[in-house]
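In each ligand, atom 1 is the first atom listed, and ligand 1 is the first ligand listed. Quick note: numbers below take in every heavy atom, side chains included, and nothing from hydrogens, waters or symmetry partners. Numbering starts at 1 and runs along the sequence shown. Because the structure is predicted, anything quoted here is derived from the model rather than measured.
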Amino acid sequence: MRDKVVVVTGGFGVLGHAVAEAALAAGAFVAILDREQADKISARDRLLVPGSVDLTDFAAVKQAFETVAARFGHIDGLANIAGGFRWQTLGDGDLAGWTEMFHINLLTAATATKVALPYLRATQGAIVNVGAAPAKKAGAGMGAYAASKAGVLRLTESLAEEEKNAGVRVNAVLPTIIDTPRNRADMPKANYSRWVKPEEFAKAILFLLSSDATAITGAELLISGRT
Ligand SMILES: NC(=O)c1ccc[n+]([C@@H]2O[C@H](COP(=O)([O-])OP(=O)(O)OC[C@H]3O[C@@H](n4cnc5c(N)ncnc54)[C@H](OP(=O)(O)O)[C@@H]3O)[C@@H](O)[C@H]2O)c1
């Protein structure tokens, strides 16, 4: 990843932060796009945070990518990590949760990807989208979340086909449970040693972004640890 430029959405979240750190450690230049403003990561020459960005706002995302390209010269990779989770049944929940999940999980990825494509075509770059295991098989209360993440998988699938001739690779990773503070708080009795550490997960994302994965596009990689 040396000297590659990677844009990480949701880079101030748990997984996004791990990916940003791993990419920096691998010698990449990193831009974090997140709506949080952050002192969550220490400033470095190879790190750019172009302000607070709502990833569903096309104009704001476009401006952020222009800032990244102006600073680093090119863009080689996009890790679409921004997302979120809400548990609610359809019967007892509100419909606003469906809009929220659609926006946070799917529209963020579609918007960042649309803006990124011209840059990635120029470098034969790569995209990694973060889906989720329930996108394949949802449990109770997971309807809106799973539907939005299933949308991420279909986006990955169709975009991989659309971009084959342009040379942009598009893959998805599917976590089950990542070892995050929120998951520990929600599941205090779980065996955390079986969960995937964010740093372990980050390695898989970096691999798919890297030139070691030039033969891989349109793939869905389940990353489940021992869950
Ligand atoms: N943690 C798990 O066990 C797990 C399991 C399956 C899938 N995943 C997926 O993995 C990804 C990362 O998970 P995580 O646990 O690291 O999540 P996280 O800590 O909540 O990080 C997500 C980040 O994305 C940001 N974000 C969300 N919507 C945004 C928007 N419209 N514009 C800009 N930034 C936005 C969030 O900001 P706010 O905090 O302001 O919302 C947050 O900083 C997500 O896509 C998630 O669905 C996680």
Decide yes or no for [X] and [Y]: does some side-chain heavy atom of the first lie under 4.5 Å from some side-chain heavy atom of the second?
X: Asp57; Y: Thr111; answer: no
X: Arg46; Y: Val30; answer: no
X: Ser148; Y: Glu100; answer: no
X: Asn80; Y: Leu55; answer: no
X: Ile205; Y: Leu15; answer: yes
X: Thr9; Y: Leu78; answer: yes
X: Ile216; Y: Leu221; answer: no

Inset, instruction - Could you check Met142 against Trp87 for side-chain contact (heavy atoms from CB on, under 4.5 Å), going step by step and ending with a plain yes or no? - result: CA-CA 6 Å; Met142 303 279 248; Trp87 190 97; 4.2 Å; yes
Part of [X] with heavy atoms under 4.0 Å of ligand 1, whether side chain, backbone, both or neither:
X: Thr108; value: side chain
X: Thr180; value: side chain
X: Leu33; value: neither
X: Phe201; value: neither
X: His103; value: neither

Examine [X] against ligand 1 and note whether any of their N/O atoms are separated by less than 3.5 Å.
X: Leu55; answer: yes
X: Val130; answer: no
X: Ile104; answer: no
X: Asn183; answer: yes

Legend entry - Selection from Ala79, Ala82, Ala135 by shortest heavy-atom distance to atom 26 (N) of ligand 1: Ala82
Inset, instruction - Measure from atom 45 (O) of ligand 1 to every heavy atom in Met101, Lys149, Met187 and give the option owning the shortest one. - result: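 Looking at heavy atoms only, Lys149 sits closest to atom 45 (O) of ligand 1.
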Numbered atoms of ligand 1 (with element) below 4.0 Å of [X], judged on heavy atoms:
X: Val53; answer: 32 (N), 33 (C)
X: Ala132; answer: 6 (C), 7 (C)
X: Ile177; answer: 3 (O)
X: Thr176; answer: 5 (C), 6 (C)
X: Asn105; answer: 47 (O)
X: Asp54; answer: 30 (C), 31 (N), 32 (N)
X: Gly10; answer: 23 (C), 24 (O)
X: Pro175; answer: 5 (C), 6 (C), 7 (C), 8 (N)

Inset, instruction - Just do the side-chain contact (heavy atoms from CB on, under 4.5 Å) check on Arg121 and Glu163 with the steps written out, would you? - result: CA-CA 8 Å; Arg121 286 175 183 153; Glu163 293 301 316; 2.7 Å; yes
Inset, instruction - Inspect the surroundings of CD in Gln88 and state if more than 12 heavy atoms from other residues, nucleotides or ligands are less than 6.0 Å away. - result: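 Atom CD in Gln88 is packed in, count exceeds 12.
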Inset, instruction - Could you tell me whether Asn191 atom CG has more than 12 heavy atoms of other residues or ligands within 6.0 Å of it? - result: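 Result for CG/Asn191: enclosed.
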Quick test: of every protein heavy atom, which one is nearest to [atom], and how far off is it to 0.1 Å?
atom: atom 41 (O) of ligand 1; value: Arg35 NH2, 2.8 Å
atom: atom 11 (C) of ligand 1; value: Ile81 O, 3.1 Å
atom: atom 18 (P) of ligand 1; value: Gly13 CA, 3.9 Å
atom: atom 39 (O) of ligand 1; value: Glu36 OE2, 3.4 Å
atom: atom 19 (O) of ligand 1; value: Val14 N, 3.0 Å
atom: atom 16 (O) of ligand 1; value: Leu15 N, 2.8 Å
atom: atom 22 (C) of ligand 1; value: Gly83 O, 3.6 Å
atom: atom 43 (O) of ligand 1; value: Asp34 OD2, 2.8 Å

Would you find a donor on one side and an acceptor on the other, under 3.5 Å apart, between the side chain of [X] and the backbone of [Y]?
X: Thr113; Y: Ala110; answer: no
X: Asn129; Y: Leu153; answer: no
X: Lys136; Y: Ala146; answer: no
X: Glu220; Y: Leu174; answer: no

Hey, is [X] one of the residues with a heavy atom under 4.0 angstrom from ligand 1?
X: Gly131; result: yes
X: Leu174; result: no
X: Tyr145; result: yes

Inset, instruction - Could you point out which residue of Val196, Thr227, Val130, Leu222 forms a side-chain contact (heavy atoms from CB on, under 4.5 Å) with Pro175? - result: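 Filter result, single survivor: Val130.
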Legend entry - Whether Tyr119 and Phe65 hold their rings parallel, tilted or perpendicular, with breakpoints at 30° and 60°: parallel
